[in-house]
Amino acid sequence: MLGIVPAAGRGSRIQPLGFSKELLPVGSRMDGHTERPCAVSEYLVRRMVRNGVDRICFVIGSGKSDILEYYAAGYDRAAAIFVAQPSPVGLCDAIFRAEPLVGSEETVLIGLPDTIWFPEDGFCRLADDRLSFLLFPVDRPELFDAVLVDQDSRVEQIQVKQRNAATEWVWGAFKMPGSIFHRLAALWRERDGRDEYFGTLVNAYLAAGGEAWGVKAGTAYVDVGTFNGYRTALRLLENNDIAEEGTPISVRSGRSPVSTLSGEGG
């Protein structure tokens with residue numbers, strides 16, 4: 001089972017930092033009996049591992065070598081793989097960089113490494129044999145990809161950062177079998193790679209007869225890529241127990257997350 005973590009973005013909304021935004025310390029984790037700062041991307045990685053992922057592919061760009069160093073030895077039971085995205089030109093380009101690693105029969109999990117969401121077992125709520133989105137209610141769906149579903153939870157349309165979105169439910173993570181991943185990658189190439197956002201590609205996939213499902217199992221979702229989101233994430237973690245049920249997971253690279261903000265360019 002493969003997890004894909006697109007981590008090539010510049011993080012301009014929360015710069016300047018002296019490190020990659022995916023290593024921004026948010027909350028804490030237990031390393032044995034010692035409490036340590038927790039990098040924001042660890043929340044996504046931990047949720048992937050909880051669902052059974054044994055390989056995690058980090059898609060990184062120029063200037064992101066600190067992510068490689070941080071996760072080089074893997075995370076808990078999962079091995080780490082690193083793929084380069086030369087330019088941060090969109091989510092579709094990022095995730096399909098991992099296509100050579102995806103077996104047709106295996107399950108693929110994808111999430112965003114600068115977000116924190118609950119429940120922790122959200123990926124487990126999604127079926128392995130179909131394209132399915134974990135949906136969360138938010139106050140401002142126009143800032144995200146709002147997902148319209150019918151009474152049977154089939155996705156009818158994804159409204160990508162659309163004003164006056166018709167639903168408050170947005171996707172925060174998704175899962176699919178490798179066979180569908182390859183179909184989507186082929187469709188993206190057929191469309192000359194013009195889909196920057198995954199939502200527009202999924203709309204084309206649905207129009208061509210594909211199916212997807214939305215699961216309204218999410219309870220809280222925070223984009224930590226802004227200062228307001230960072231403050232909200234701290235409150236969210238405090239309300240949900242920073243230690244996340246006391247799970248003693250540590251990164252095997254031996255490094256701790258960067259613990260200070262810097263005025264230097266990131």
Side-chain angles (χ1 to χ4, degrees), residues 3-29 35-50 56 58-61 63-64 66-67 70-71 75 88 90-91 94-95 109-120 122-123 133-146 161 168-174 197-198 218-244 247 249 251 255-266:
I4 299 177
V5 179
R10 298 187 181 93
S12 58
R13 295 175 300 166
I14 200 168
Q15 293 292 352
L17 300 172
F19 49 89
S20 296
K21 64 173 181 175
E22 293 82 6
L23 298 185
L24 182 70
V26 185
S28 64
R29 60 178 171 84
E35 185 176 12
R36 300 189 186 281
C38 186
V40 62
S41 53
E42 289 187 58
Y43 292 96
L44 172 64
V45 171
R46 185 181 304 169
R47 283 150 174 73
M48 289 180 166
V49 171
R50 179 166 181 161
I56 300 175
F58 294 88
V59 183
I60 60 176
K64 296 276 190 168
D66 53 353
I67 296 177
Y70 188 76
Y71 286 107
Y75 194 92
L91 181 60
I95 65 176
L109 282 63
I110 299 171
L112 304 178
D114 56 355
T115 63
I116 297 176
W117 46 261
F118 288 90
E120 294 176 60
F123 278 118
F133 294 88
L134 183 61
L135 305 184
F136 299 83
V138 298
D139 293 332
R140 300 188 61 190
E142 70 274 10
L143 300 179
F144 304 91
D145 287 4
K161 295 177 173 56
E168 65 177 357
W169 291 90
V170 305
W171 72 257
F174 51 99
Y197 299 106
F198 193 69
T219 58
Y221 183 87
V222 178
D223 177 355
V224 190
T226 66
F227 285 107
N228 182 60
Y230 178 76
R231 290 188 289 266
T232 302
L234 294 178
R235 293 193 296 269
L236 174 65
L237 290 173
E238 183 177 0
N239 292 336
N240 284 275
D241 184 1
I242 291 177
E244 293 203 271
T247 305
I249 297 177
V251 181
R255 299 188 61 194
S256 294
V258 180
S259 57
T260 58
L261 301 183
S262 168
E264 299 177 2

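Both backbone and side-chain heavy atoms feed into the values below; hydrogens, waters and symmetry mates do not. None of the values given here were measured: they were computed from a predicted structure.
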If you take all heavy atoms of [X] and [Y], which pair is closest and at what distance?
X: Arg47; Y: Glu120; result: CG-O, 3.2 Å
X: Ala173; Y: Trp117; result: CB-CZ2, 4.0 Å
X: Glu22; Y: Ser41; result: O-OG, 2.8 Å
X: Ile4; Y: Ile95; result: CD1-O, 4.0 Å
X: Leu236; Y: Ala220; result: CD1-CB, 3.6 Å
X: Ala233; Y: Val224; result: CB-CG2, 3.8 Å

Heavy-atom side-chain proximity of [X] to [Y] below 4.5 angstrom:
X: Phe174; Y: Phe198; result: yes
X: Met48; Y: Tyr75; result: no
X: Val222; Y: Phe118; result: no
X: Tyr43; Y: Leu237; result: yes
X: Glu42; Y: Tyr71; result: yes
X: Phe123; Y: Leu44; result: yes
X: Pro6; Y: Leu112; result: yes
X: Lys161; Y: Leu143; result: no

Q | Stepwise side chain to side chain contact (heavy atoms under 4.5 Å, CB included) check, Leu234 with Arg231 | A | CA-CA 5 Å; Leu234 294 178; Arg231 290 188 289 266; 5.6 Å; no

Q. To the nearest 0.5 Å, how far apart are CH2 in Trp169 and CG in Asp145?
A.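 Here the interatomic distance stands at 16.0 Å.
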
Q: Mind running ring pair (Phe, Tyr, Trp, His ring centres under 6.0 Å) on Phe136 and Phe144 for me, showing each step along the way?
A: CA-CA 11 Å; Phe136 299 83; Phe144 304 91; 9.8 Å; no

